[in-house]
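Written out below as structure tokens is the structure these notes cover.
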Amino acid sequence: MIVDLPDTTTSGISKSLVKLREEGGAVALGRVLTLIIASEEATAEEAIEAANEASREHPMRVIVLVTDAAETDAEPRLDAEIRVGGDAGASEVIMLRPHGEVASDEQSLVMGLLLPDAPVVVWWPGSAPDVPGSSPLGRIAQRRITDASARAADPQQALVSCARTYTPGDADFAWTRVTLWRAQLAAVLDQPPFENITRVEVSGSLDSPSTTLLAAWLHLALQAPTQYALTDDAHPQGIQGVRLFRGDDSIDLVRMSSGIATLTQPGQPPHEVALQRRSLRDCLADELRRLDPDELYGEVITAGLAGLDAPEPITTGALA
Amino acid sequence: MNPSDVTPTHNPLRSPADYRLNRIAGPSALIIFGVTGDLSRKKLMPAVYDLANRGLLPPGFGLVGFARRDWEDQDFATIVHDSVKQYARTEFREEVWEQLSQGIRFVSGSFDDDEAFENLKTTLEELDRERGTMGNHAFYLSIPPKAFPEVTEQLRRSGLAQDTPGQWRRVVIEKPFGHDLKSARELNEVVGSVFPQDSVFRIDHYLGKETVQNILALRFANQLYEPIWNTNYVDHVQITMAEDIGVGGRAGYYDGIGAARDVIQNHLLQLLALTAMEEPISFKASDLRAEKEKILAAVRLPEDLSTVTARGQYAGGWQGGEKVLGFLEEDGMSPESTTETYAAVKLEIGTRRWAGVPFYLRAGKRLGRRVTEIAVVFKRAPQQLFANSQTAQLGQNALVIRVQPDEGVTIRFGSKVPGAGMQVRDVTMDFGYGHAFTEASPEAYERLILDVLLGEPPLFPRHEEVELSWKILDPIEEYWEKAGGPLDQYSPGSWGPTSADELLARDGRTWRRP
């Protein structure tokens with residue numbers, strides 16, 4: 001069900017929510033967090049869809065703040081929309097469209113709509129404030145999620161910005177997307193032979209900040225010389241492959257098309273591993289699973305990234 | 001720059017600060033005996049696929065079926081495929097299936113066929129070579145206990161159970177773990193003669209359920225409950241496991257076993273142990289089991305068993321719009337059978353925490369609805385302030401852990417009825433897993449199979465626990481056997497025989513309607 005509330009206020013929205021709950025039964029009980037999505041109109045629906053799906057795992061209240069640059073001389077006005085039931089998955093969605101000067105104070109717009117006592121997560125699916133941690137919405141949130149691959153025209157530059165402004169509680173989907181890769185690589189080192197990794201190569205596409213983060217993490221954890229290459233051919237897959245050297249032997253994890261990767265290591269038959277690119281819904285659900293600061297991400301984005309040399313072509317045979 | 005050390009105990013890619021990485025099982029093969037059974041089709045094979053789909057199985061994984069069927073690998077793969085499509089929890093993805101199916105093998109033969117076990121050995125060696133399962137094998141015995149001696153002996157004879165450094169062999173067995181103390185010990189000796197104790201994984205799928213593991217979180221992570229979790233505040237505890245179906249096609253298996261052996265001995269006593277035990281000093285298997293064993297050893301049966309036990313059989317009749325057969329009329333059932341389909345017992349725990357708090361356990365078939373729950377019922381508060389008429393509708397406070405279905409926790413307490421005057425009535429506060437967390441919580445078997453492959457034993461009962469629960473149950477079974485039949489009949493869809501109600505009435509209590 002979608003309820004339109006043109007020209008309203010935050011308290012008007014609250015009243016409608018209570019009324020909806022009384023009429024429709026306990027729709028808003030058992031919510032575990034408030035998710036604020038600060039998005040432009042064009043990307044909002046995709047984000048809401050991901051949130052609705054993730055809400056099956058994390059029932060939540062979703063507040064969508066449409067941030068299209070409103071003409072400042074427009075008539076100040078707040079339009080809102082409430083979605084519950086089939087239109088909102090297991091969540092309830094409140095869409096806020098501020099016009100004119102109303103848009104100038106983001107914090108006051110959402111403050112009255114936050115769930116009592118529940119954690120607040122803010123997600124910028126597209127462009128994000130320069131310093132998320134000290135932005136008006138970022139300050140009231142436990143977790144702040146950005147997406148370096150969509151945040152700016154140059155995703156690699158966006159990473160640098162994440163590093164410069166890192167505040168505990170920051171998170172970025174570029175990091176969430178490498179979890180499956182990291183899990184496979186960590187599992188390889190769980191098995192014999194237990195020998196040190198002496199060199200690392202990582203390759204991926206230029207528009208994939210995840211490749212850079214994966215290299216930074218490997219470098220930080222393994223303390224081995226790490227080379228990474230970013231190619232600008234329109235490889236759609238983001239990360240292309242990782243090669244871990246033990247002396248002359250190497251362990252290769254290389255992704256081919258259609259989300260299948262091949263794991264090759266000495267003394268073992270090659271294995272195929274399902275390693276598809278993670279969907280927005282997966283990334284969001286994963287991010288919401290833990291609401292305390294991701295310390296490892298903090299370390300990788302700051303120390304890890306800083307310790308990494310500039311990308312350079314890999315010379316020891318193609319990794320793709 | 002010196003590279004980080006990689007050792008068997010230190011993986012530099014795993015850090016305590018890294019909460020995203022799941023542990024993936026190491027290279028291994030799962031060999032299922034009794035692969036044509038219902039459990040295997042409906043639970044085990046789908047759980048294996050779900051694990052693969054969640055990325056928790058290693059790339060080098062093999063699934064081997066063993067049964068007396070004239071199948072090729074691909075016939076078995078088709079069976080697995082169909083059961084996955086029908087019963088898997090997660091969506092079907094072709095690329096995951098493709099990868100899993102490469103490791104599927106089938107070995108045809110009966111348990112007395114030496115050659116079949118040689119074939120199995122060859123197949124496993126091939127898997128080790130072709131798929132990189134590295135000689136790690138878990139044998140899942142989804143077969144009747146009477147076949148255990150034969151199969152374990154074959155595994156020993158063919159060298160499949162042979163312990164080899166750097167590789168592991170594990171065996172998984174399902175309930176029933178015997179039918180009394182003596183047979184449980186014999187069974188344990190049979191399995192123990194081939195596999196060392198810490199390689200034996202006894203599956204009680206209840207312990208893999210999220211709601212059961214949540215008992216530990218509810219009790220020990222919160223400040224709210226533990227202070228009142230004792231005889232000062234608790235009046236009694238009711239643990240119920242009810243099914244709305246009858247024995248149906250399992251009549252032959254069920255005859256001679258009955259509700260107490262089938263359910264109370266394992267599931268309900270495990271729930272009792274988790275509800276009543278002291279706080280373990282860690283989640284390590286040995287610490288957890290130590291507390292459970294202490295509480296099971298402290299369970300006492302009152303002397304006169306006639307006043308603290310009740311049993312019955314479901315009669316035929318109409319149940320919820322369906323005409324059903326009585327237990328004694330079921331196909332293949334002896335009309336003189338004294339096997340109970342409903343059992344209720346009152347147990348006491350002699351510890352300081354629980355002295356004077358009875359634990360009522362009941363289990364049955366063809367009851368009102370399918371439900372498993374633990375109800376902790378508190379003593380009534382002094383009602384000096386309220387007149388009797390004002391609190392007539394107020395019962396005792398209760399905390400109910402709903403194990404299944406509709407998993408969650410309910411607290412029942414009194415609240416003022418709105419309006420003039422002071423009337424107090426029972427209301428509930430509800431926590432539903434489905435509301436607060438995921439509808440995507442893993443199946444018990446997923447968790448348990450993964451734990452077997454990882455070699456994590458905390459959720460598996462040890463032989464000592466099995467022995468202790470038989471020590472509780474054996475005197476009751478002996479008493480019932482002496483008392484003989486015929487048993488009380490109860491109408492299908494009811495909540496059991498009147499003798500069960502009388503059991504609580506003697507203590508001035510009533511059963512909750514779950």
Side-chain angles (χ1 to χ4, degrees), chain A residues 26 29-32 56-59 90 175-176 178-180 182-199 217-218 220-225 246 258-263 265 267-276 285-286 289-290 292 294-299, chain B residues 1-27 52-53 55-61 93-100 102-103 128-134 136 166 408 429-441 454:
Chain A
L29 299 180
R31 302 275 178 258
V32 293
R56 294 188 200 290
E57 188 166 336
H58 311 275
W175 177 241
T176 322
V178 296
T179 305
L180 297 177
R182 296 197 302 121
Q184 287 299 341
L185 294 169
V188 169
L189 294 202
D190 281 339
Q191 300 300 325
F194 301 102
E195 288 166 15
N196 295 353
I197 301 296
T198 49
R199 201 153 62 79
W217 171 67
L218 286 167
L220 191 70
L222 296 172
Q223 295 291 311
R246 279 177 166 140
S258 71
I260 306 273
T262 312
L263 175 66
Q265 44 188 330
Q268 274 207 47
H271 291 300
E272 290 192 350
V273 185
L275 209 59
Q276 53 284 94
D286 194 19
R289 227 160 268 156
R290 288 284 295 260
D292 45 340
D294 183 346
E295 289 172 17
L296 183 67
Y297 167 72
E299 221 181 309
Chain B
M1 188 165 58
N2 282 329
S4 309
D5 284 331
V6 180
T7 68
T9 51
H10 177 248
N11 179 348
L13 295 186
R14 295 200 186 276
S15 128
D18 191 347
Y19 56 62
R20 291 172 194 266
L21 292 196
N22 285 315
R23 275 195 69 190
I24 300 178
N53 203 3
L56 299 176
L57 287 188
F61 180 78
R93 289 214 301 255
E94 201 58 46
E95 67 268 22
V96 175
W97 168 252
E98 195 53 43
Q99 203 220 328
L100 185 66
Q102 289 172 13
D128 286 346
R129 212 169 40 243
E130 290 166 14
R131 299 287 301 156
T133 48
M134 314 270 280
N136 299 320
M429 259 188 329
D430 230 5
F431 152 67
Y433 260 80
H435 301 154
F437 298 110
T438 155
E439 69 182 75
S441 69
L454 287 170

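Here is how names work: the chains are called A, B, and so on, in the same order as the sequence lines, proteins then strands, and each is numbered from 1. Worth knowing before you read on, the calculation uses all heavy atoms, side chains too, and leaves out hydrogens, waters and symmetry mates. Note that the structure is a prediction, hence the values are computed from the model and not measured.
Using a 4.5 Å heavy-atom cutoff, the side chains of A/Asp294 and B/Arg20 are in contact. Inter-residue side-chain proximity for A/Pro269 and B/Glu130 is flagged as unmet; no heavy-atom pair is nearer than 4.5 Å. Side-chain contact between A/Leu222 and B/Pro12 is present, with heavy atoms from C-beta onward closer than 4.5 Å. Looking only at side-chain heavy atoms (C-beta outward), B/Glu98 and A/Ile260 stay at 4.5 Å or farther from each other.
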* To do: Any chance you could lay out the side-chain contact (heavy atoms from CB on, under 4.5 Å) test for B/Leu13 and A/Trp217, step after step, and finish with the verdict?
  => CA-CA 9 Å; B/Leu13 295 186; A/Trp217 171 67; 3.8 Å; yes
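Neither the backbone nor the side chain of B/Pro16 comes within contact range of chain A; no heavy atom of the residue lies under 4.5 Å from a heavy atom of that chain. Contact annotation for B/Asn11: only side-chain heavy atoms (C-beta onward) come within less than 4.5 Å of a heavy atom of chain A. Interface remark: B/Asn2 contributes backbone atoms only to the contact with chain A (heavy atom separation under 4.5 Å). Heavy atoms of B/Arg129 lying under 4.5 Å from chain A belong exclusively to its backbone.
Of the charged side-chain nitrogens involved, at least one lies within less than 4.0 Å of a carboxylate oxygen, so that A/Asp190 and B/Arg14 count as a salt-bridged pair.
Minimum heavy-atom separation, A/Ala183 to B/Leu21: N-CD2, 3.6 Å. In plain terms, the two heavy atoms of B/Pro3 and A/Asn196 that are nearest each other are O-ND2, 4.2 Å. The heavy-atom pair separating B/Ala17 from A/Leu296 by the smallest distance is O-CB, 4.0 Å.
Of the listed residues A/Arg290, A/Arg289, A/Gln191, the one with more heavy-atom pairs under 4.5 angstrom with chain B than any other is A/Arg290. Contacts with chain B were tallied for A/Val188, A/Leu220, A/Thr179; A/Thr179 has the most, counting heavy-atom pairs under 4.5 Å. Per-residue heavy-atom pair counts under 4.5 Å with chain B were compared for A/Leu189, A/Asp286, A/Asp292, and the maximum is reached by A/Leu189. Contact count against chain B (heavy-atom pairs under 4.5 Å) is highest for A/Gln184 among A/Glu299, A/Gln184, A/Gln265, A/Glu295. Counting heavy-atom pairs closer than 4.5 Å to chain B, the top residue among A/Pro193, A/Ala221, A/Pro192 is A/Ala221.
In this structure, A/Glu195 CD and B/Asp5 CG are separated by 12.0 Å, a value rounded to the nearest 0.5 Å.
A/Glu272 contributes no side-chain N or O that, together with a main-chain N or O of B/Gln99, makes up a donor-acceptor pair within less than 3.5 Å.
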